[in-house]
Amino acid sequence: MPELPEVETIRRQLAPRVAGTVIEDAEVLDPLWCSPADPAAVEAQLRGRRIEAIGRRGKYLILALEGERFLVMHLRMTGNLLWIARDDAVNNPYLRFRLALEGGDSLQFVDLRRFGTGVVVDGRESLDPYLDSRLGPEPLDQSFTPDVLRSQAAGRKAPVKAFLLAQDRIAGVGNIYADEALFRARIHPLKPAGRLRRDQIERLHQGIREALEAGIESFGASIDRYRDSNGARGSMQDRFLIHRREGKPCPRCGATIVKIRAAGRGTYLCPRCQRAPARSA
DNA sequence: CGCGCAACCTGTCTGC
DNA sequence: TGCAGACAGGTTGCGC
């Protein structure tokens with residue numbers, strides 16, 4: 001569900017509203033949300049702290065608190081982080097975590113499938129290893145060049161689709177934007193990542209960026225549960241070129257879009273634009 | 001270390 | 001209609 005564009009949308013919305021405010025109260029309603037940590041301990045670590053900034057790394061959303069303390073959250077499949085104005089009554093059965101903010105507004109972590117997580121990390125020297133051990137380069141950073149992509153893919157025998165989903169290779173790309181990027185690059189999802197030619201790497205680099213940027217421009221994709229911090233849907237699902245368009249015509253050549261399974265995930269492609277890799281053996 | 005897959009959890013859709 | 005099974009956008013841990 002929430003991939004880089006969706007998390008970035010939430011970050012941009014929340015930044016002006018919560019930066020500078022104090023957390024008056026923190027409530028972990030589902031112990032699974034912060035397991036294996038003790039919910040009461042997590043609540044105590046957050047209570048009374050001022051929020052200095054809100055950041056993102058890959059699909060992680062990070063509240064930077066005073067005193068170099070960080071609340072690192074992940075929405076996983078069905079998580080939403082909602083900003084609720086004071087006096088707005090909300091009774092959501094899937095509420096897992098809540099921050100009451102100075103002034104009466106609140107942040108509410110709502111998550112049907114309960115995969116979403118939150119963890120408190122103390123000190124920049126702890127935060128960076130936490131993130132960097134899990135995440136590869138940020139695909140929208142200036143420093144993410146075709147050469148970086150090529151070195152990340154070098155030697156990989158796994159299908160390029162699996163490669164794009166591996167967060168320690170490239171941060172923030174999920175199932176939706178992997179399909180969109182591969183279509184833009186005209187690369188078959190089952191092509192081994194390490195066997196991409198230089199021109200294919202160039203196209204994939206551009207495809208990743210264009211797909212993610214389109215997602216951000218459209219405020220994310222709301223196929224199912226995803227909502228932004230206002231509870232509103234994004235519109236990227238209306239701009240999909242290939243994802244979830246099985247049986248429809250390819251926007252480039254008109255051939256019928258097919259669905260296959262790659263890296264264990266539903267994967268959509270144009271059989272004419274994205275030619276199957278040559279079978280070895 | 002690389003890779004594939006089951007598991008985590010709940011709701012919804014599909015096919016018999 | 002009812003129900004079992006598959007599937008859903010993510011990540012982790014385990015086995016090979």
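Sequence lines set the chain letters: A, B, ... in the order given, protein chains first and strands last, and positions in each chain run from 1.
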| query | Can A:Glu68 and A:Leu127 be said to form a side chain to side chain contact (heavy atoms under 4.5 Å, CB included), step by step? | reply | CA-CA 9 Å; A:Glu68 284 222 343; A:Leu127 178 68; over 6 Å; no
| said: Let's go through A:Glu138 and A:Arg57 carefully: what are the C-alpha distance in whole Å and the side-chain angles of both, what is the deciding distance for side chain to side chain contact (heavy atoms under 4.5 Å, CB included) to 0.1 Å, and is it a yes or a no? | reply: CA-CA 7 Å; A:Glu138 284 290 322; A:Arg57 174 88 166 85; 2.9 Å; yes
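Rounded to a whole Å, the CZ atom of A:Arg225 is 16 Å from the P atom of C:dG10. Spacing between atom CG of A:Leu75 and atom P of C:dT11 amounts to 10 Å, rounded to whole angstrom units. Nucleotide C:dT12 holds its C1' atom 13 Å from the CG atom of A:Leu135, rounded to whole Å. When the C1' atom of C:dC7 is taken as reference, atom NZ of A:Lys259 falls 7 Å away, rounded to whole Å. Atoms OH (A:Tyr268) and P (C:dC7) sit 11 Å apart, rounded to a whole Å.
Checking the phosphate oxygens (OP1, OP2) of C:dC7, no side-chain nitrogen or oxygen of A:Arg265 falls inside 4.0 Å. Put simply, A:His74 has a side-chain N or O that comes within less than 4.0 Å of OP1 or OP2 on C:dT11. Within the 4.0 Å cut-off from OP1 or OP2 of C:dA8, at least one side-chain nitrogen or oxygen of A:Arg261 is found.
Using atom P as the reference point in both B:dG11 and C:dT12, the two lie 24 Å apart (nearest Å). Comparing the C1' positions of B:dA6 and C:dA6 gives a spacing of 15 Å, expressed to the nearest Å.
Under the 4.0 Å criterion applied to side-chain N and carboxylate O atoms, A:Glu8 and A:Arg12 are assigned as salt-bridge partners. Under a 4.0 Å N-O distance rule, the pair A:Arg86/A:Asp105 does not qualify as a salt bridge. A salt bridge does not link A:Asp111 with A:Arg114: every distance from a Lys NZ or Arg NE/NH1/NH2 to an Asp or Glu carboxylate oxygen is 4.0 Å or more.
Residue pairs that meet the salt bridge (charged side-chain N to carboxylate O under 4.0 Å, His left out) test with at least one member in residues 237-253 of chain A, sequence neighbours left out, are A:Glu217-A:Arg239.
No side-chain N or O of A:Asn92 forms a donor-acceptor pair with one of A:Gln108 less than 3.5 Å apart.
Looking at residues 166-188 of chain A, you'll see A:Gln167, A:Gly174, A:Asn175, A:Ile176 sit with a heavy atom under 4.0 Å from some atom of DNA chain C.
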| task | Taking Watson-Crick and G-U wobble pairs with both distances under 3.5 Å, convert DNA chain C into its dot-bracket string, 5' to 3', dots for unpaired and | for cross-strand pairs. | result | .|||||||.|||||||
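Geometrically, A:Arg96 does not engage A:Trp33 in a cation-pi contact defined by less than 6.0 Å to the ring centre and at most 45° from the axis.
First and last contacts of DNA chain B with chain A, using any nucleotide atom under 4.0 Å from a protein heavy atom and ordered 5' to 3', fall at B:dG2 to B:dG11.
The ring of A:Phe144 has its center closer than 6.0 angstrom to the ring center of A:His205.
Take A:Arg169 and apply the side chain to side chain donor-acceptor pair (under 3.5 Å) test, not counting sequence neighbours, and it matches no residue.
Remark: A:Arg76 CZ to A:Thr117 OG1 distance equals 5.0 Å, nearest 0.5 Å.
Checked against A:His74 for a ring-ring contact (aromatic ring centres under 6.0 Å, His included), the options A:Tyr60, A:Phe115, A:Phe109 give a single hit: A:Tyr60.
One can find a donor-acceptor pair under 3.5 Å joining the base of C:dA8 and the side-chain atoms of A:Arg113.
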Would you tabulate the pairs of protein nitrogen or oxygen atoms and nucleotide nitrogen or oxygen atoms of nucleotides 13-16 of chain C closer than 3.5 angstrom?
none

